[in-house]
2 protein chains.
Amino acid sequence: MVTYVGQGDPARTMALLWGSAPAPPRRGPRPGLSLEEIVRAAIDIADAEGLAEVSMRAVAARFGRTAMALYTYVPGKEELLDLMVDRVLADADRDLPYAQGWRAAATAGAHASWEFHVRHPWLLQISATRSVLGPHELDSYEAQSRVFAGLGLSGLDITRLVGTLHTFVRGAAASMAEARAAERVTGISETDWWTTRAGYLESMVTSPEYRARYPTITSFEPTAHDVPDPDAPYLEQQARDTFTEGLAVVLDGMAAFIAARGAAGPGSVPAVPPAAESAAQGSAAP
Amino acid sequence: MVTYVGQGDPARTMALLWGSAPAPPRRGPRPGLSLEEIVRAAIDIADAEGLAEVSMRAVAARFGRTAMALYTYVPGKEELLDLMVDRVLADADRDLPYAQGWRAAATAGAHASWEFHVRHPWLLQISATRSVLGPHELDSYEAQSRVFAGLGLSGLDITRLVGTLHTFVRGAAASMAEARAAERVTGISETDWWTTRAGYLESMVTSPEYRARYPTITSFEPTAHDVPDPDAPYLEQQARDTFTEGLAVVLDGMAAFIAARGAAGPGSVPAVPPAAESAAQGSAAP
DNA sequence: AGAGAACTCTTTACAGCGTAAAGTAACGTG
DNA sequence: CACGTTACTTTACGCTGTAAAGAGTTCTCT
């Protein structure tokens, strides 16, 4: 119910993101926890109970500690959220079928990303544009950019295509995630939620007054506002279909853009040779 | 920094949204406030100071009352947020140039909606998919749907096109809003924020290790990661351009969809005659 | 070996949040 | 004038993130 939008101290966050495991302290008691497991516990809670349940006290309780114990490992909650974002992206699927052409790769990537966001809906609640710039986020960005490499596009072109696709996927995933969260969050089942409103909407479609105010939407097929079948969640299916159909539309637009712009001129981004696709995945501080 | 995602009791909310002003009480002291001005005050705070500053105490303080006084008018904070959403949509621009064709109308509508969301960025933080279904939200939905009426599309087609466009606009507006909020929220200027990260990124582009891990994005023109000119906010301009360019791409895709699907068959949604465009805007409970 | 620095973790505390419960004061009707 | 209704306040509770101070453990340096 309550979520963060801000962001922690960038320097500290970057150090935590990119720094290899810090040297173990030379004095004092051994650390009973690690940054890694704290971040994982926070992700577990967010996945299972929602971002609202991720409190410093709740995370610490998973280790039998008090909230303040976490401040030994993390500067504050905002930094913890930053770390959660990058860490969870490590599990995102990044094996895209680049060899099958950009459209197949983009479709696969969009579907993978959509499902990933639906699986970790709290990602949608944390600011996306102010990117965390962690290693795994860059992995993801690299994988998506590679889809459009070798088509004669500039880096800026690719940045925008990836941005557009990302924006669309996140928006569609948000519809899905919120359709799913509807019942859990409000304690009202999807059917109940819909039926309480249906009474108002029904009278609307038939009332001449409302047909005058809303001529277009009241002329839609009535099924669009029917009470959903509880076994086949209406909002969920709607969200899924809107994503699939919308994706095709967006990709059609990109096809036109690539056809018009792509000419392999100077400054265009070259494709990654297939041999290099499984490049080193090691990480070290820069 | 903290925002709500849940939603209030739907029945109560619907009554408040659609109910005309309730009959004044027959006994007891006169109400010193009204629902209307409470909602407006909350919107003022959200616009000026961000959604995080909209607390029951803060809203009440604008009227010299305590937080609990608001509960005479509103069941709780979540319902207040629902009301804010629908109320602010009353001010959205809805004069679209339908006569100039769907693409012109869609472009105008998208730009208006984008600017509206940038002006009221807190809208992006409140759940969008679980729509409030208030009169003004329906006005907006009607205006956007009308863009695609008369093209031979079904209601479901139109719903999805509108959904795709809406998703895209919100995502792009989110980029813009967060670029703007960056400084205010974190207390760090955009330039500072970027330069602290630039050190890490710079070494990345030159390091062979990172060129191997991120071959595509490290081959982009270096300007993409340059420190922005403080006078011409880099992130803002980037967000604006991505919106404009992305919109063209999305609309190209829609053009292809309409060309393929639009055949004015049975079940297709007819255009609204221009005469009816300035229809009655009065509202009454259904 | 002993002192002290360094380190983890706890305890306590504070200001803020939404809101439940109870009380006070004002008002219109019988 | 008394009563019931209503607007609003006061108090309180449990929750949040985190500052400050202290307890306890472990290593290093003299």
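Only heavy atoms go into these numbers, but all of them, side chains included; no hydrogens, no water, no symmetry mates.
- By the side chain to side chain donor-acceptor pair (under 3.5 Å) test, R40(B) is found to be paired with E36(B), residues two or more places apart in sequence or in another chain being considered.
- Scanning for side chain to side chain donor-acceptor pair (under 3.5 Å) contacts around S140(A) gives Q144(A), with sequence neighbours left out.
- The CD-P distance, from E78(B) to dC17(C), rounds to 17 Å in whole Å.
- Residue L51(B) contributes atom CG, which lies 11 Å from atom P of dG18(C) at whole-angstrom precision.
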Handout entry: Protein proximity profile, nucleotides 21-30 of chain C - base contact B, sugar-phosphate-only contact S, no contact -, cut-off 4.0 Å on heavy atoms
Key = B----BBBS-
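- Relative to the side chain of K77(A), the nucleotides dG18(C), dA7(D), dT18(D) differ in distance, and dT18(D) lies closest.
- One axis for each end of the helix from dA1(C)-dT30(D) to dG30(C)-dC1(D), each built from five base pairs, and the angle between them comes to 30° at 10° resolution.
- Look at CZ on R57(A): it is 17 Å from P on dC9(C), rounded to the nearest Å.
- Remark: P of dT11(C) and OH of Y71(A) are 17 Å apart, rounded to the nearest angstrom.
- Looking at residues two or more places apart in sequence or on another chain, you find no ring pair (Phe, Tyr, Trp, His ring centres under 6.0 Å) involving Y73(B).
- Checking M56(A) against T72(B), the closest nucleotide of DNA chain D that is more toward the 5' end is the one next to T72(B).
- Remark: A173(B) engages W114(B), H117(B), V118(B), L124(B) in a side chain to side chain contact (heavy atoms under 4.5 Å, CB included) (not counting sequence neighbours).
- As rounded to whole Å, 14 Å separates atom P of dA7(D) from atom CD of E37(B).
- In this pair, Y210(B) and Y214(B) present their aromatic rings parallel. The plane angle is below 30°, not in the 30 to 60° band.
- Here P29(B) pairs with nothing under the side chain to side chain contact (heavy atoms under 4.5 Å, CB included) rule; sequence neighbours left out.
- Every side chain to side chain contact (heavy atoms under 4.5 Å, CB included) that A69(A) has, sequence neighbours left out, goes to R65(A), T66(A).
- Take D91(B) and apply the salt bridge (Lys or Arg N to Asp or Glu O under 4.0 Å) test, not counting sequence neighbours, and it matches R87(B).
- Atoms CG (L80(A)) and P (dT16(D)) sit 14 Å apart, rounded to a whole Å.
- E142(A) places no side-chain N or O within donor-acceptor distance of the main-chain N or O of L138(A), the cut-off being under 3.5 Å.
- Residues D47(A) and H120(A) share a closest heavy-atom pair of OD1-ND1, 2.6 Å.
- Within a heavy-atom distance below 4.0 Å of DNA chain C, the residues of residues 59-67 of chain A found are G64(A), R65(A), T66(A).
- Atom-to-atom, CG of L33(A) to P of dT8(C) comes out at 10 Å; the value is rounded to the nearest Å.
- Among residues two or more places apart in sequence or in another chain, the side chain to side chain contact (heavy atoms under 4.5 Å, CB included) test is passed with D44(B) by R62(B).
- Between dC8(D) and Y73(B), a contact under 4.0 Å exists linking OP1 or OP2 to a side-chain N or O.
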